[in-house]
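Structure first, then comments.
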Amino acid sequence: MELYKQQQLKLYNSLSNKKEDFKPLIEGFIGMYVCGPTVYSNVHLGNVRTFMSFDLIYRYFKHLGYKVRYVRNITDVGHLENDADTGEDRIAKKARLEQIEPMEVVQRYTVDFHNVLNKFNFLPPSIEPTATGHIIEQIEIIKVIIDKGLAYEVNGSVYFDVLKYNEKEHYGILSRRNIEDSIHNTRELDGQSEKKNPQDFALWKKAQPEHIMRWLSPWSDGFPGWHLECTAMSTKYLGKQFDIHGGGMDLKFPHHECEIAQANASNQQMPVNYWMHTNMLTLNGQKMAKSTGNYILPNDFFTGDSKHLSKVYVPPVVRFFMLQANYRSILDFSDDALLASEKGYYRLMNAVNLLDNLTASKSSTFDVKTWKQNCYDAMNDDFNSPVLIAQLFEGVKFINSVRDGNESLTQEDLSAFKTTINTFVFDVLGLEDATVDDSSDKLSGIVEMLIEMRNEARANKDWTLSDKIRDKLLERGIQLKDGKDGTTFSVN
RNA sequence: GGCGUUGUGGCCGAGUGGCUAGGCUGGGCUCUGCAAAAGCUCCUACAGCGGUUCGAAUCCGCUCGACGCCUCCA
């Protein structure tokens, strides 16, 4: 029987602001759409956090036995710098500044995005569509919305008529806004606007003569608006109605609100059952953002070359750090917090690695079944990875005690225990073991030899030599551990 | 100004009406040639002020602070 039939999952739905029992439209299948990056620059760590949250969610769904179609787009056109008519397309601007083709910009940062995600051990989505690959679909949606009378054309550009839509529907249903409020609080534009109302948003923009990203449409040579691509691609691959739509908290308004309006306008139904929003990663208490310069790049961890970092960190440590916070909480980044996570991470890994060396006993002193369900309960409660990790540390303590002979497990319990811990650590949390690498076989042979030499020195009470071997190894990241049954080591 | 979120011990971070979060750090003990590792143990907090309740960090109100969105942002 599939695991999802045994585990009742609750997830927090931004649409209702409540935790709800999760029930997919079609039993056993999940359609999930996540707003991907706009590839006009390198992804920063805040971007990574969002996608990591959904990687965790995707992994857990898969573990539960769901067939998941996970769609995460690449925005490669249409994302304007601001909503004023003077706003420039981010990618076109970057191309202009660097004097290269827009598609070179797109290619460069798409590759960077994939490289970064691979380093952090992300599972690839099922489909990763691009906005430029779905111009026709976007044009078709615009036609439908115009036919419904909810969009209008001005000088070759097409805008969504928010006020008109709001007459029969609620624009602001997701972000809990009233259109009246935003009318009163909208900053005055410079009076040049083609839009009937400042709240209206572009479905299609006519390209200026110098603009190099342009496509033919019934209205003009131009390009699609930012919000539209997600509606086009989610509808195409997941249907008019699907289970989950996710993205960063900052996309809730206006991006997701606009998506709802467009989809609702063209398909006559609410597109998404569960909206999920991940919270921000902050640096110095402020949101990480390219525009303010307050950010840290993933690559900084691997070089250690940043004023925010005291040393080099391996990717799983960063991953572990992020998973120690719930995806809906703001997480503040600091070197101290990362150092603490690093220690915890290695403690966890060292215990996992001990598992294979444990010997079974006639009886168990640990309730494996309850502990295992505790792990599931944590994840079933809106993907509460911090609580899961707390449970895993209960396991760590227990493993170490078994090793020391203070606790015991039957063969059956031992294998259940092993399976559970490996499943959650590697499959669900997606943590890689940084204590092993390709050269581990040769390395351990050499370290075993040094341990032997040190033991000889210790037997001769030659503490100078024995301590030298131990300390020199530690300097190189190899830690010797003297236990009852001899010396073991770990590579940190 | 509007909408929303939030304020937890030295630090990071769960929880949310009575019952241990967890990690890191610091103190003590065991083990050890000494350490480290590991185990045990101690340090026991919920911004402030009122209210509801037998009982609130947890619910309600107010105050103060922080953050996010309201223009692009994961």
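The chains referred to below are lettered A, B, ... by the order of the sequence lines, with proteins before strands, and numbering in each begins at 1.
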Of all heavy-atom pairs linking A/Leu283 and A/Asn294, the shortest is O-OD1, 2.9 Å
On RNA chain B, check which nucleotide each of A/Asp250 and A/Tyr345 is closest to and give me the residue with the more 5' one.
A/Tyr345
Candidates B/rG33, B/rG22, B/rA37 - which lies nearest the side chain of A/Asp467:
B/rG33
Separation between NZ of A/Lys93 and CD of A/Glu98, rounded to the nearest 0.5 Å:
11.5 Å
Report the distance from atom CG of A/Leu465 to atom P of B/rG33, rounded to the nearest whole Å.
17 Å
P gap between B/rU53 and B/rC46, integer Å:
24 Å
What's the separation between atom NZ in A/Lys206 and atom CD in A/Glu194, rounded to the nearest 0.5 Å?
8.5 Å
Atom CG of A/Asn279 to atom P of B/rG68: distance rounded to whole Å?
10 Å
In whole angstrom, give me the gap between the C1' atoms of B/rG22 and B/rU44.
15 Å
Which of residues 454-463 of chain A sit near RNA chain B, with a heavy atom under 4.0 Å from it?
A/Arg454, A/Arg458, A/Trp463
Between A/Phe333 and A/Ser175, name the one whose nearest nucleotide on RNA chain B is closer to the 5' end.
A/Ser175
Looking at B/rA35, does its base get a donor-acceptor pair with the side chain of A/Asp482 below 3.5 Å?
yes
Charged N to carboxylate O below 4.0 Å: is that the case for A/Asp21 and A/Lys10?
yes
Charged N to carboxylate O under 4.0 angstrom, A/Arg108 versus A/Asp112?
no
Atom NZ of A/Lys311 to atom C1' of B/rC24: distance rounded to whole Å?
14 Å
Measure from CE on A/Met322 to P on B/rG22 and round the result to the nearest Å.
25 Å
Determine which nucleotide pairs with B/rG1, using a 3.5 Å limit on both distances of a Watson-Crick or G-U wobble pair.
B/rC70
